[in-house]
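Heads up: the structure comes next, in structure tokens.
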Amino acid sequence: MIPKAAAVIGFEVTHDFPAIGQRTFLVDARRLIHPDNNSTNILILFDDVTERRRQDAERDFVIAETRHRLKNLSAVMRSIAMHTQTEDRTAAEYRDIFLGRFEVTLRAQEIAFADQTIDFEVLLRQSVGEPGVDRLLCDGPAVTLASSRVLAVGMIFHELGTNAVKYGALSVPDGQIHVVWALESSPRGRTYLVCAWQERNELPVAPPRHRGYGTELIEGTSAHLGGKVGLKYDPGGLAATIKIPL
């Protein structure tokens with residue numbers, strides 16, 4: 001019943017039709033009053049907004065997901081900025097270290113935003129970067145990483161590559177990095193990626209005098225993923241064993 005001076009505007013109705021399935025309509029209705037006979041005809045408009053509602057829901061989801069991931073990215077970058085050591089470093093050195101970590105994070109976020117998987121070897125080479133791409137020798141089966149693992153794994157190997165450029169195999173002309181990996185199953189049925197990183201540079205290697213952010217990042221990130229890492233300072237170069245659940 002619609003009063004003479006009122007109307008229904010944009011009333012949402014959802015109905016499941018046998019032939020076309022569930023549809024959503026916006027209904028407009030008003031009485032048509034004829035001045036001669038006071039007839040009570042009603043004009044009704046059904047506007048099918050099913051597709052519009054679906055697009056609105058998808059847009060709202062994308063916006064919410066983007067906000068969530070940007071918030072996470074901001075937290076990651078703030079943590080990197082706060083924990084990158086400034087002691088005994090010039091402003092230029094701090095800038096280069098921060099921008100290197102920032103670039104790895106952005107590349108990983110691009111993959112995560114697209115919900116893409118990535119081949120482990122491709123991620124490994126991207127994370128080590130240009131200085132070591134020709135001296136990085138890889139051997140292992142094809143392993144696909146989910147987007148949720150990309151950022152953490154990328155940061156681990158970026159830190160190892162950065163250390164190799166500053167102190168290890170990539171700091172000398174003939175140095176090389178050998179990376180070998182395999183898949184390992186646990187008694188509980190979980191699958192782990194077990195990776196051995198071996199630098200060969202014939203340089204004397206000694207444990208660092210203090211734990212830097214890079215070491216904490218490598219060990220902490222592995223633990224956060226449910227894995228572990230072991231660092232061994234061999235006379236011929238750094239050796240690292242990383243075990244990560246897939």
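In this chain, residues are counted from 1 in sequence order.
In this structure H224 satisfies the ring-ring contact (aromatic ring centres under 6.0 Å, His included) test with no other residue, sequence neighbours excluded.
The CZ atom of R30 lies 14.5 Å from the CG atom of N41; values are rounded to the nearest 0.5 Å. Once rounded to the nearest 0.5 Å, the distance linking CE of M155 with CG of L160 reads 11.5 Å. Rounded to the nearest 0.5 angstrom, Q176 CD and D134 CG are separated by 11.0 Å. One finds the CD1 atom of I242 at 11.0 Å from the CD atom of E219 (value rounded to the nearest 0.5 Å). Here the CD-NE2 distance, from Q198 to H178, works out to 8.5 Å after rounding to the nearest 0.5 Å. Interatomic distance, R135 CZ to E199 CD, rounded to the nearest 0.5 Å: 10.5 Å.
Considering every non-hydrogen atom in both P141 and A182, the closest pair reads CD-CA, 4.2 Å. Heavy-atom minimum distance, C138 versus R125: SG-NH2, 3.6 Å. Closest approach of L225 and P245 over heavy atoms only: O-CG, 2.9 Å.
In this structure, Y192 and I244 have side chains that are not in contact, with every pair of non-hydrogen atoms separated by 4.5 Å or more. Between I118 and Q126 the shortest side-chain heavy-atom distance falls below 4.5 Å. In this structure, R149 and L246 have side chains that are not in contact, with every pair of non-hydrogen atoms separated by 4.5 Å or more.
Note on V143: it clusters hydrophobically with I177, by side-chain heavy-atom contacts below 4.5 Å among ILVMFWY residues. Transitive grouping of hydrophobic side chains (ILVMFWY, heavy atoms separated by less than 4.5 Å) brings V8 and F46 into a common cluster. No chain of hydrophobic side-chain contacts below 4.5 Å, direct or via other Ile, Leu, Val, Met, Phe, Trp or Tyr residues, connects V13 to L45. When the side chains of ILVMFWY residues are joined at heavy-atom separations under 4.5 Å, either directly or via intervening members, V180 and L123 end up in two distinct hydrophobic clusters. I42 and I9 fall into different hydrophobic clusters, where Ile, Leu, Val, Met, Phe, Trp and Tyr side chains are chained together by heavy-atom contacts under 4.5 Å.
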Let me see the working for L231 and V229 under side-chain contact (heavy atoms from CB on, under 4.5 Å), right down to the final yes or no. CA-CA 7 Å; L231 300 176; V229 62; 4.3 Å; yes

May I have the step-by-step check of side-chain contact (heavy atoms from CB on, under 4.5 Å) for V153 and L193, ending in yes or no? CA-CA 11 Å; V153 175; L193 172 65; 5.8 Å; no

Test W181 against V194 for side-chain contact (heavy atoms from CB on, under 4.5 Å), laying out the working first. CA-CA 5 Å; W181 64 89; V194 182; over 6 Å; no

Dump the intermediate steps for side-chain contact (heavy atoms from CB on, under 4.5 Å) on V179 and V128, then the final yes or no. CA-CA 11 Å; V179 183; V128 172; over 6 Å; no

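Within 6.0 Å of CG in D174 there are 12 or fewer heavy atoms belonging to other residues, nucleotides or ligands. Heavy atoms of other residues, nucleotides or ligands lying less than 6.0 angstrom from CZ of F11 number 12 at most.
Ring planes of F157 and W197: tilted class, angle from 30 to 60°.
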Side-chain atoms of residues 20-29: list all donor-acceptor pairs with protein atoms under 3.5 Å, sequence neighbours left out, distances to 0.1 Å.
from, atom 1, to, atom 2, distance (Å)
R23, NE, D48, OD2, 3.2
R23, NE, T50, OG1, 3.4
R23, NH2, D48, OD2, 2.9
T24, OG1, T14, OG1, 3.4
D28, OD1, G10, N, 2.6

